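Structure first, then comments.
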Amino acid sequence: MSPRHRNGSSQAATAVAVVADVLAAIIGLWILMYLLEANRANDLVQFVQDAARFLAGWSHDLFTFDVTWLRVVAGYGLAAVVYVFIGHLVAGRLRRY
């Protein structure tokens, strides 16, 4: 395998890992803002909430705990962990080729 091809797959792997980390960071930022009771009327807070809700749409109401903060942490946290896990798994596979 040529060094140029290996470098290209390494760059693609890095890009996949960075995208996965950014997505997880957005979700993590929303969890932190929620726990710290950030002002939801603020544009930045609203943007982060909307982005996190979009990214974790499949998991944000997955759990039905009675405590609201625990439901937010578990639902959104699961999405963040899945993004990191799958993103780095794909990046590892790309680096091999």
Side-chain angles (χ1 to χ4, degrees):
M1 190 172 296
S2 71
R4 181 175 179 185
H5 182 265
R6 184 168 295 276
N7 187 22
S9 63
S10 178
Q11 288 175 346
T14 301
V16 168
V18 166
V19 168
D21 291 344
V22 168
L23 298 178
I26 290 170
I27 295 170
L29 182 59
W30 167 241
I31 292 171
L32 183 64
M33 287 178 169
Y34 182 86
L35 293 175
L36 294 175
E37 298 178 2
N39 179 8
R40 294 193 188 172
N42 182 286
D43 290 338
L44 176 63
V45 175
Q46 188 63 44
F47 172 77
V48 172
Q49 180 184 12
D50 291 342
R53 182 170 286 143
F54 174 76
L55 293 171
W58 59 272
S59 70
H60 82 274
D61 278 336
L62 187 63
F63 301 103
T64 57
F65 299 116
D66 291 335
V67 183
T68 305
W69 70 266
L70 186 57
R71 185 174 37 232
V72 169
V73 170
Y76 284 94
L78 175 65
V81 169
V82 167
Y83 279 119
V84 168
F85 179 75
I86 292 177
H88 286 264
L89 183 72
V90 169
R93 297 280 180 170
L94 286 173
R95 283 189 181 101
R96 288 186 195 176
Y97 297 106

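Computed from a predicted model, the values in this text were never measured in an experiment.
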| message | Could you work out, with side chain to side chain donor-acceptor pair (under 3.5 Å) as the rule, every residue matching N42, not counting sequence neighbours? | response | none
| field | Backbone of L78 reached by a side-chain donor or acceptor of S59 within 3.5 Å | value | no
| message | If you compare all heavy atoms of A17 against all heavy atoms of A91, which two are closest, and at what distance to 0.1 Å? | response | CB-CB, 4.0 Å
| request: Verify the neighbour count for atom CZ of F65: are there more than 12 heavy atoms of other residues, nucleotides or ligands below 6.0 Å? | output: yes
Return a table of donor-acceptor pairs under 3.5 angstrom between the side chains of residues 31-40 and protein atoms on other chains or two or more places apart.
from, atom 1, to, atom 2, distance (Å)
N39, OD1, A41, N, 3.0

| remark: d(L44 CG, F47 CZ) to nearest 0.5 Å is 8.5 Å
| message | I need the minimum non-hydrogen distance between A79 and A56, along with the two atoms involved. | response | CB-CB, 3.6 Å
| task | Treat each ILVMFWY residue as a node, draw an edge where side-chain heavy atoms are under 4.5 Å apart, and state whether L94 and L23 are in one component. | result | yes
| remark: NE2 (H88) and CZ (R95) are apart, to the nearest 0.5 Å, by 8.5 Å
| said: Please tell me whether W58 and V84 are part of a single hydrophobic cluster in this structure, the criterion being side-chain heavy atoms less than 4.5 Å apart. | reply: no
| R71 side chain to T64 backbone, donor-acceptor under 3.5 Å | no
| query | V45 and Y76: same hydrophobic cluster, using ILVMFWY side-chain contacts below 4.5 Å? | reply | yes
| Check: L55 main-chain N/O paired with Y83 side-chain donor or acceptor under 3.5 Å | yes
| task | Check side chain to side chain contact (heavy atoms under 4.5 Å, CB included) between V81 and all other residues, then give those that pass, not counting sequence neighbours. | result | none
| Do other residues, nucleotides or ligands put more than 12 heavy atoms under 6.0 Å from the CZ atom of F63? | yes
